[in-house]
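Here's the structure, in structure tokens; my notes come after.
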Amino acid sequence: VEQMKKQKNGDVGQTAEYQRKWQEEKCRADDLGRKLKQCEEKYREEIQAIADSMELLKLESKIGAKKSVRMVAELKKGLQESETSKELLKVNMAQLRISYEQ
């Protein structure tokens, strides 16, 4: 009977030890879960910031491309005007030469 009481007390002690260890592990797991959730939120925010930056860069790139196209068109127009002015100058020079020779 005495030995059965000791064994029962030992079993109770083991059960209490098991419950204590289980509780410690549960606390650790809960803590790790919270830390994981915090990391997920942090990285989600960082990823969103990167995505926003990329979208902004795309928009700026489109705007820059449109400005470049417009500038090229203006340069072509200026070049055409210059060519036209050059031709007019040649005509005027020819007319002056004709007038001078007469």
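Side-chain atoms are counted along with the backbone in the values below, which use heavy atoms only and exclude waters and symmetry mates.
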Can you give the donor-acceptor pairs under 3.5 Å from side chains of residues 63-85 to other protein atoms, not counting sequence neighbours?
| residue | atom | partner | partner atom | Å |
| --- | --- | --- | --- | --- |
| S68 | OG | G64 | O | 3.0 |
| T84 | OG1 | Q80 | O | 2.9 |
| S85 | OG | E81 | O | 3.0 |

Below 3.5 Å, can you tabulate the donor-acceptor pairs from side chains in residues 40-47 to any protein atom, sequence neighbours excluded?
none

Output side-chain donor-acceptor pairs under 3.5 Å for residues 51-58, partner residues at least two apart or in another chain, one line each.
| residue | atom | partner | partner atom | Å |
| --- | --- | --- | --- | --- |
| D52 | OD1 | Q48 | NE2 | 2.9 |
| S53 | OG | A49 | O | 3.0 |

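Shown are K26, R20, E24; of these, the side-chain contact (heavy atoms from CB on, under 4.5 Å) with W22 is made only by K26.
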Apply the test salt bridge (Lys or Arg N to Asp or Glu O under 4.0 Å) to residues R34 and D31: give CA-CA distance (whole Å), side-chain angles for both, the deciding distance (0.1 Å), then the verdict.
CA-CA 5 Å; R34 279 190 298 277; D31 193 39; 3.6 Å; yes

